[in-house]
Amino acid sequence: MAVSKRIVLHFPRRLVEQPVIYRLVKDYNLVFNILRASITAEPEEEGLMVLELTGEQTEYDKGINFLLKSGLKIQSLSQDVTRNEARCTHCGACITICPPGAFELDPATRQVSFHNEKCVACGLCIKTCPPRAMEVHF
Ligand code: SF4
Ligand code: SF4
């Protein structure tokens, strides 16, 4: 049975340059589509990649095992991050810490907008937001 799932991969610094994704194609016949990729600076440098992975269930499971054994952290993208608009004070603290740049400051109005479609559910803004306006739903 074929499966297609969206996952977030966290690469430790030592693996950022390694061809681990290529091995998924070559060794496990998986098809991937990179939805987003970035390098975070805080709290330590790591690669972050949002991937749509498609293939036979048994090969998919083997591929995920391979990634885990390689030292990558894997997160399912079933989590959805939203902003409680009533709580947001537009302080801007989330803008610089968000790896894919999901927050945007309008210089004219000083309002911070949240672009949910860019979010990779890393969770950094949840801890950073002073009035706890960012919420994660599982
Ligand atoms: S850190 Fe929180 S309160 Fe500040 S702009 Fe971002 S979402 Fe709004
Ligand atoms: S969880 Fe917050 S910091 Fe992380 S990608 Fe989504 S909006 Fe940005």
Side-chain angles (χ1 to χ4, degrees):
M1 185 184 66
V3 291
S4 183
K5 296 185 187 177
R6 288 205 296 164
I7 54 173
V8 184
L9 302 180
H10 295 261
F11 291 76
R13 186 189 166 89
R14 67 185 167 82
L15 289 178
V16 167
E17 305 284 320
Q18 301 292 314
V20 282
I21 302 303
Y22 169 71
R23 293 275 309 274
L24 291 176
V25 181
K26 191 171 167 293
D27 298 349
Y28 305 103
N29 287 320
L30 298 175
V31 177
F32 69 89
N33 182 17
I34 296 175
L35 303 173
R36 199 162 304 282
S38 63
I39 304 275
T40 64
E42 299 289 341
E44 63 185 63
E45 189 180 75
E46 72 164 15
L48 199 99
M49 191 182 280
V50 183
L51 210 62
E52 189 168 46
L53 213 50
T54 307
E56 285 300 312
Q57 179 77 64
T58 49
E59 294 299 293
Y60 178 88
D61 292 343
K62 285 183 201 165
I64 293 292
N65 263 334
F66 159 72
L67 293 177
L68 290 171
K69 280 188 188 148
S70 302
L72 275 78
K73 281 186 281 169
I74 305 176
Q75 190 184 12
S76 161
L77 204 58
S78 56
Q79 293 143 309
D80 191 25
V81 174
T82 58
R83 182 166 75 172
N84 183 329
E85 297 299 332
R87 283 193 172 190
C88 176
T89 58
H90 300 273
C91 69
C94 52
I95 297 174
T96 49
I97 57 102
C98 176
F103 297 94
E104 188 184 13
L105 174 70
D106 182 329
T109 62
R110 309 301 297 171
Q111 298 284 293
V112 176
S113 52
F114 172 48
H115 303 283
N116 177 274
E117 71 284 357
K118 289 188 179 177
C119 174
V120 297
C122 71
L124 286 176
C125 63
I126 316 267
K127 291 174 262 175
T128 304
C129 175
R132 298 282 181 264
M134 300 307 296
E135 299 168 353
V136 63
H137 307 271
F138 295 94

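Count residues from 1 along the sequence. Note that ligands are numbered from 1 as they come in the structure, with each ligand's atoms numbered from 1 the same way. When reading the values below, keep in mind they use all heavy atoms of this one structure, side chains included, and skip hydrogens, waters and symmetry mates.
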* Short question: side chain of E56, backbone of M1 - any donor-acceptor pair under 3.5 Å? -> yes
* Nearest non-hydrogen protein atom, atom 5 (S) of ligand 2 -> V120 N, 3.4 Å
* **Residue, atom name and distance, where the atom is the protein heavy atom closest to atom 8 (Fe) of ligand 1** => C88 SG, 2.4 Å
* Heteroatom test (N, O or S) for H90 near atom 4 (Fe) of ligand 1, limit 2.8 Å -> no
* Asked: When M49 is tested against each of I34, I7, L72 for side chain to side chain contact (heavy atoms under 4.5 Å, CB included), which residue passes?
  -> I34
* Asked: Numbering the atoms of ligand 1 from 1, which are under 4.0 Å from a heavy atom of P131?
  -> 3 (S)
* For H90 and V112, indicate whether the former's side chain and the latter's backbone hold a donor-acceptor pair under 3.5 Å. => yes
* Tally every protein N/O/S atom whose distance to atom 2 (Fe) of ligand 2 is less than 2.8 Å; waters are neither shown nor counted. => 1
* For atom 2 (Fe) of ligand 1, which protein heavy atom lies nearest, and how many Å away is it? -> C129 SG, 2.3 Å
* Asked: At a 4.0 Å threshold, what atoms of ligand 2 neighbour a non-hydrogen atom of F114?
  -> 7 (S)
* To do: Using modelled atom types only, decide if a donor and an acceptor are shared between the side chain of R87 and the backbone of R132 within a distance under 3.5 Å.
  => yes
* Has T89 got any heavy atom lying under 4.0 angstrom from an atom of ligand 1? -> yes
* Short check: any N/O/S atom of C91 below 2.8 Å from atom 8 (Fe) of ligand 1? -> no
* Asked: Which heavy atom in F32 sits nearest to a heavy atom in L51, and how many Å separate them?
  -> CD1-CD1, 4.0 Å
* **Minimum-distance pair of heavy atoms, taken over all atoms of G63 and L24** => O-CD2, 3.7 Å
* Atom pair CG/NZ of L9 and K73 - distance to nearest 0.5 Å -> 11.5 Å
* To do: Compare every heavy atom of V81 with every heavy atom of C119, then report the nearest pair and how far apart it is.
  => SG-CB, 3.7 Å
* Taking side chain as C-beta onward, heavy atoms only, is Y28 less than 4.5 Å from N65? -> no
* **Spatial distance of atom CD1 (I95) from atom OG (S113) [nearest 0.5 Å]** => 8.5 Å
* Under 4.0 Å from any heavy atom of R83, which atoms of ligand 1 are there? -> 7 (S)
